[in-house]
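Whatever order the structure lists ligands and atoms in, that order sets their numbers, starting from 1.
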Amino acid sequence: MKVSILGGTGRFGKGLALRLALAGYDVIVGSRDLKKAKLKAEEYSKICNCTINGLTNVDAAKLCDVAVVTIPWNDVLEFVNIHKKILKDKIVISPVVPMVERDGFFVYNPPNSSMAEEIAKILNSDKVVSAFQNIPAKRFSNLNETPEFDVIVCGDDDNSKDVVMGIVKDIKKLRALDGGPLSNSRVVESITPLLINISILNKIRELGIKVI
Ligand SMILES: NC(=O)c1ccc[n+]([C@@H]2O[C@H](COP(=O)([O-])OP(=O)(O)OC[C@H]3O[C@@H](n4cnc5c(N)ncnc54)[C@H](OP(=O)(O)O)[C@@H]3O)[C@@H](O)[C@H]2O)c1
């Protein structure tokens with residue numbers, strides 16, 4: 001299966017690209033800049049000893065079965081809008097966390113919504129699935145560690161959600177949990193700033209979640 005990580009040149013995209021490639025996925029790293037995409041893909045390929053390709057976001061989105069939008073939260077809606085025609089029929093994964101720093105970290109959800117729901121509205125699609133919001137990029141991109149995190153997966157289309165849960169399960173030591181409809185992304189997105197605050201206040205390294 002071809003998975004394109006749009007904006008995959010950044011902090012979170014790196015870990016996702018490495019771990020998906022190691023799980024046997026055909027991974028494309030997307031960027032606004034082809035040269036940067038190719039450089040990052042080459043760098044990641046060397047780290048995991050796999051082949052990861054780099055393309056512009058447009059070409060990466062066109063070629064994939066599943067697209068992950070690893071774009072900063074305050075840019076992602078404009079990004080999705082610009083790429084609407086290409087993304088509207090694809091399964092789109094949103095790991096996006098709307099978060100602001102103001103003497104601590106706070107969730108900045110759109111009113112009565114979540115970033116995942118806003119992406120689905122723009123695409124007019126039920127194939128948007130949220131996942132990975134609570135995974136800390138630094139630990140995810142460090143292959144010396146294999147963190148045992150849970151990934152809560154929310155979506156309105158059962159088939160798309162099954163595909164994404166399958167992708168999560170294929171990543172070593174991650175457990176996929178069905179989190180219900182896409183609207184539950186509001187809760188999942190809001191867990192991340194809490195984890196960061198807990199991490200800072202208690203001087204514990206980057207945290208993820210495990211539901212027991
Ligand atoms: N960092 C984490 O620990 C973490 C954890 C869970 C979820 N997330 C979520 O994952 C997403 C990515 O986070 P990140 O930390 O990886 O972000 P990031 O490193 O700041 O940025 C990711 C990539 O987005 C692209 N980008 C930046 N501004 C853009 C714009 N205006 N339009 C289009 N593309 C733009 C850049 O790629 P090019 O310059 O190559 O185009 C950049 O490399 C966010 O939504 C975040 O909430 C992050």
Legend entry - Within the 4.0 Å heavy-atom sphere of ligand 1, strictly under, residues: G7, T9, G10, R11, F12, S31, R32, K36, T70, I71, P72, W73, D75, F79, P95, V96, V97, F132, Q133, I135, P136, A137
Legend entry - Over 12 non-hydrogen atoms of neighbours within 6.0 angstrom of CZ in F106: yes
Inset, instruction - Could you tell me which residues satisfy ring-ring contact (aromatic ring centres under 6.0 Å, His included) with F149, sequence neighbours excluded, listed by chain and number? - result: none
Legend entry - Partners meeting side-chain hydrogen bond (donor to acceptor under 3.5 Å, both in side chains) with D157 (sequence neighbours left out): S160
Legend entry - Parallel, tilted or perpendicular: ring planes of F12 versus F140, cut at 30 and 60 degrees: parallel
What donor-acceptor contacts under 3.5 angstrom involve side-chain atoms of residues 86-96, with partners at least two apart or in another chain?
{"residue": "K90", "atom": "NZ", "partner": "A61", "partner atom": "O", "Å": "3.4"}
{"residue": "K90", "atom": "NZ", "partner": "K62", "partner atom": "O", "Å": "3.0"}
{"residue": "K90", "atom": "NZ", "partner": "C64", "partner atom": "O", "Å": "2.8"}
{"residue": "S94", "atom": "OG", "partner": "V96", "partner atom": "N", "Å": "3.3"}

Legend entry - Flag for T192-Q133: side-chain donor and acceptor within less than 3.5 Å: no
